[in-house]
Amino acid sequence: MDDTRWARARAQTQRFLPVMALAVVAVLAAACETNLPQSTTVIEGSHNATLWVPYRMVFILAAIVFVAVMALTVIFSITYRERPGRTARQFHGNTRLEIVWTLIPIIIVTLISVPTVNAIVAEAQPIAANALRVDAIGHQWWFEFVYLDEKVTTANELHIPEGREVAFNLKSVDVIHSFWVPQLAGKTDMVPGHVNDIKFTALRARPEPYLGQCAEFCGTSHANMRFRVFVHTEADFAAWLKSAAANGANPASALEKQGQEIFMRSACIGCHTVQGSAAAGKVGPDLTHVGSRTTIGSGILVNTPETLEKWIANSADVKPGSKMPPMAKSDGGALSKEEITAVAAYLSGLK
Ligand code: CUA
């Protein structure tokens with residue numbers, strides 16, 4: 001290369017340096033945000049705490065390797081580059097170097113294996129005697145939770161006590177899903193025809209729920225397959241469990257009563273259960289206490305009578321691919337707008 005081309009290359013590099021520096025600062029600043037609801041580095045559950053030890057070690061070692069390799073690459077590229085008065089050359093074969101760069105990975109892998117084996121052993125412990133046992137079942141596109149000893153079934157909102165182990169059987173009725181609550185536990189696949197398990201203890205009760213998410217692509221609304229985990233004190237959990245085990249509430253108003261009648265004579269009961277009523281379908285979410293849930297549609301809409309109406313009218317409008325057929329007459333269903341309003345009022349009353 002001649003001198004002018006070298007000068008141009010240098011000028012170009014200098015122009016890009018501030019941009020690159022800015023990018024590095026932006027990435028570092030983003031890493032300082034600590035309250036990300038779906039960050040696995042926020043440790044709120046025992047499963048996360050166990051995984052965090054090898055995770056952190058791998059991260060640190062990988063960072064050291066990355067920085068060292070990048071630094072050497074840059075230093076060598078500059079120091080030994082071809083330039084006026086210096087011809088670049090290539091050579092291969094250096095026994096001492098090859099021994100060194102074989103030994104370093106062996107040492108790194110050996111170091112990583114220690115906390116890894118510890119974590120595997122910790123995860124393989126038998127289920128605690130006082131554990132809460134829950135079947136978590138993946139559906140396209142929602143989560144079903146069955147409390148095995150309490151005979152309580154709910155959907156998309158999981159309630160658990162703090163400081164007590166929860167042991168899950170992970171199942172699926174259709175395709176592969178994955179159970180993941182980044183701040184608490186996971187991810188572990190939910191495979192049709194095969195039961196996986198995961199267990200964890202939530203470290204503390206808190207008012208805001210933990211966000212869960214299906215972590216395995218499972219079709220159109222994979223991204224809309226979310227759930228929430230509410231961690232309570234033992235006393236609050238016992239109270240929740242008691243209300244969750246109760247039958248569906250009786251309608252409180254004339255509109256709710258009318259909604260109940262429509263619901264019970266419509267296709268709704270073929271798919272949904274309302275405990276203590278004729279509705280005993282198993283295809284869709286159990287609606288016994290749907291009015292007490294904070295969201296509907298597997299966590300995509302805030303639960304209000306208005307969003308329920310929208311959902312009942314044509315759920316695929318708000319959740320692409322939704323398996324629930326449209327109920328609105330205008331969309332090929334059997335219910336008028338007024339009837340949908342009544343059904344939504346009835347469901348909202350199912351606290
Ligand atoms: Cu279920 Cu992705």
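One is the number of the first residue; the rest follow in order along the sequence. For ligands, and for the atoms within them, numbers begin at 1 and follow the listed sequence. As the structure is a prediction and not an experimental result, all values here were calculated from the model.
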Checklist entry - Would you say Asn196's side chain and Lys171's backbone share a donor-acceptor pair under 3.5 angstrom? => result no

Checklist entry - What N/O/S atom of His177 gets nearest to atom 1 (Cu) of ligand 1? => result ND1

Checklist outcome for this item: Angle subtended at atom 2 (Cu) of ligand 1 by Glu216 O and Cys218 SG, to the nearest 10 degrees, is 110°

Next on the checklist: Tell me which N, O or S atom from His222 is the closest to atom 2 (Cu) of ligand 1.
Outcome noted: ND1

Checklist entry - Phe230, Phe145: one ILVMFWY side-chain cluster at the under-4.5 Å cut-off? => result no

Checklist outcome for this item: With rounding to 10 degrees, Cys214 SG, atom 1 (Cu) of ligand 1 and Met225 SD define an angle of 110°

Item to check | Trp240 ring center within less than 6.0 Å of Tyr147 ring center | outcome: yes

Checklist entry - For residues Tyr55 and Thr41, is any side-chain donor paired with an opposing acceptor at under 3.5 Å? => result no

